[in-house]
2 protein chains.
Amino acid sequence: MNSPVFRNWQSVQDEVLRRIRTRVWKPGDLIPNEADLAEEFGCARSTVNRALRAVAEAGLLDRKRKAGTRVAAQPVAKATLSIAVIRREVEERCRKYSYQRITRAECVPPLDVSAAMRTPAATTLLYVRALHLADDTPYALESRWINTDVVPGALQEPFQDISANEWLLQHAPYTDGEISFSAVAASTGDAQALGCAEGSALFAIDRLTWDADRSVTKVRLLFAPGHQMRTVL
Amino acid sequence: MNSPVFRNWQSVQDEVLRRIRTRVWKPGDLIPNEADLAEEFGCARSTVNRALRAVAEAGLLDRKRKAGTRVAAQPVAKATLSIAVIRREVEERCRKYSYQRITRAECVPPLDVSAAMRTPAATTLLYVRALHLADDTPYALESRWINTDVVPGALQEPFQDISANEWLLQHAPYTDGEISFSAVAASTGDAQALGCAEGSALFAIDRLTWDADRSVTKVRLLFAPGHQMRTVL
DNA sequence: CAGATTATTATGTACGCACATAAAAACATT
DNA sequence: AATGTTTTTATGTGCGTACATAATAATCTG
């Protein structure tokens, strides 16, 4: 067993991962350069490059020109969460999806919302509150503000049968977005909608999307108690 | 303005993103194949491939051999969360990090823990409970079970000054892991350690790592109320 | 010796070609 | 018309070369 020969970048990646995980290459270590590895693995440098780049993207290697490649001393575990459309999320768990709009109104938002969306304080926005259900039990409560200057079409949409969640994906272009996760206590209204006790610990996702420098929409999703997001490392 | 010429994969990527976001290519649309795009952009097919691959990884394109490349109908927003070592996380927010071990014990874990870690029900594990502080206020509460069969060195370590969080990264190899996020209500003990009200909504991260088919460690991090994880799309 | 200049070196990436592979489409067969 | 086979096609990937770029090391200069 001299040179096992790795003919594709995935197998090179696997070998690199193996060496990192079994501590052949320890955290902080400088690993051989691409040319040397290519020779050792019996493949082209570009193949090694592809593999190392992938591992570096995963956060397990730090690469710097000239300085070389070293094993990340503190591997920043990058958990990639897939935030899908809620209907799909529910259906993927093999449960029946349904949707109920609670309220729809054009009104002036609270100050924290207009501040976050950078709209003038007195500007009217479209507010939609709706419930997503799985097997007819509350799954997530959506509270959304829509900037109708950016998405005028939303004014014609009742959001009675299709959720704003899905409608916006189809109709509203955006260039940037931010997302945050937190835990919040259920307010009276939240608890009523989700059918849980007031003050329950709820998993919350807040999303804010931008089209260039104009905010498109701001949404908070509150999930029913017990909800968890999982991912593999 | 005929052929602007894109000479690197990033500029090709930018142009592709622009076309998706401005709806030149609408959700569900089949886009031109790599060879045609290469000709249009005045670059090699491999350059186009690199760009499209990157966009596809970001979840905005769906690619299939022979079938071609189409704009994702429902872009799965992939939020990449960087789960760093807590000390670094605190220090990056420009706050002073400190650490306090609360308990350390060798004992038999509750059934849900031994089940999740797939250890025999009566097996003794090492339990470490500790508090991470930022500017001397509680930041996160760590409750950890360590499989000493896999990491015997942990038995010699008091975890008095260095957190298990960091120690294990340096000393315990692992091959797989899973992570999950949720919201939980603070128990009496949690509330006392974190200095918050009992029943407060806390953001929780649960991590379970494996070395091949043996569990290495299981940890729950409970963050002080108000904590949020943010990322950009 | 400090500071500026020049080499050196490892990664980053472009290109063109070749072939592999999956999946759709076309075709043939019963 | 249902089934199986072949062709076609777009993506996936490997290779070798060339050059770009950033960061370090070596050298020169006042």
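Here is how names work: the chains are called A, B, and so on, in the same order as the sequence lines, proteins then strands, and each is numbered from 1. It should be emphasised that the depicted structure is a prediction, and the values quoted were computed from it without experimental measurement. Below, each value reflects all heavy atoms present in this structure, side chains not excepted, and no hydrogens, waters or symmetry copies.
Scored by the salt bridge (charged side-chain N to carboxylate O under 4.0 Å, His left out) test, A:Arg65 finds no partners at all (sequence neighbours excluded). The salt bridge (charged side-chain N to carboxylate O under 4.0 Å, His left out) search around A:Glu91 returns A:Arg87, not counting sequence neighbours. When the salt bridge (charged side-chain N to carboxylate O under 4.0 Å, His left out) test is applied to A:Arg93, no partner is found at least two apart in sequence or on another chain. Partners of B:Tyr97 under the ring-ring contact (aromatic ring centres under 6.0 Å, His included) rule, at least two apart in sequence or in another chain, are B:His132. In terms of the side-chain hydrogen bond (donor to acceptor under 3.5 Å, both in side chains) criterion, A:Glu39 has no residue partners (sequence neighbours excluded). In this structure B:Asp62 satisfies the salt bridge (charged side-chain N to carboxylate O under 4.0 Å, His left out) test with no other residue, sequence neighbours excluded.
Paired runs in DNA chain C that reach 3 or more consecutive Watson-Crick or G-U pairs, where each pair keeps both distances under 3.5 Å, cover C:1-30 with D:1-30.
Bracketed by its first and final contacts, the part of DNA chain D lying under 4.0 Å from non-hydrogen atoms of chain A reaches from D:dT13 to D:dT24 in 5' to 3' order.
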Tell me which donor-acceptor pairs under 3.5 Å the side chains of residues 27-35 of chain B have, and how far apart each pair is, sequence neighbours excluded?
unit_1	atom_1	unit_2	atom_2	d
B:Asp29	OD2	B:Lys26	N	3.0
B:Asn33	OD1	B:Ala35	N	3.0
B:Asn33	OD1	B:Asp36	N	2.9
B:Glu34	OE1	B:Arg45	NH1	2.5
B:Glu34	OE2	B:Asn49	ND2	2.9
B:Glu34	OE2	B:Arg63	NH1	3.3
B:Glu34	OE2	B:Arg63	NH2	2.7

Report, one line per pair, each donor and acceptor closer than 3.5 Å where one atom sits in a side chain of residues 155-162 of chain A; sequence neighbours left out.
unit_1	atom_1	unit_2	atom_2	d
A:Glu157	OE1	A:Trp167	NE1	3.3
A:Gln160	OE1	A:Arg101	NH1	3.4
A:Gln160	OE1	A:Arg101	NH2	3.4

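A 4.5 Å side-chain heavy-atom check between B:Leu52 and B:Leu37 finds at least one atom pair inside the cut-off.
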Annotated protein contacts, base or backbone, on nucleotides 7-14 of chain C with a non-hydrogen cut-off under 4.0 Å, one of B, S, - each: --BBBBBS
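Sorted by first then second residue, the salt bridge (charged side-chain N to carboxylate O under 4.0 Å, His left out) pairs that include residues 209-223 of chain A, not counting sequence neighbours, are A:Asp206-A:Arg220.
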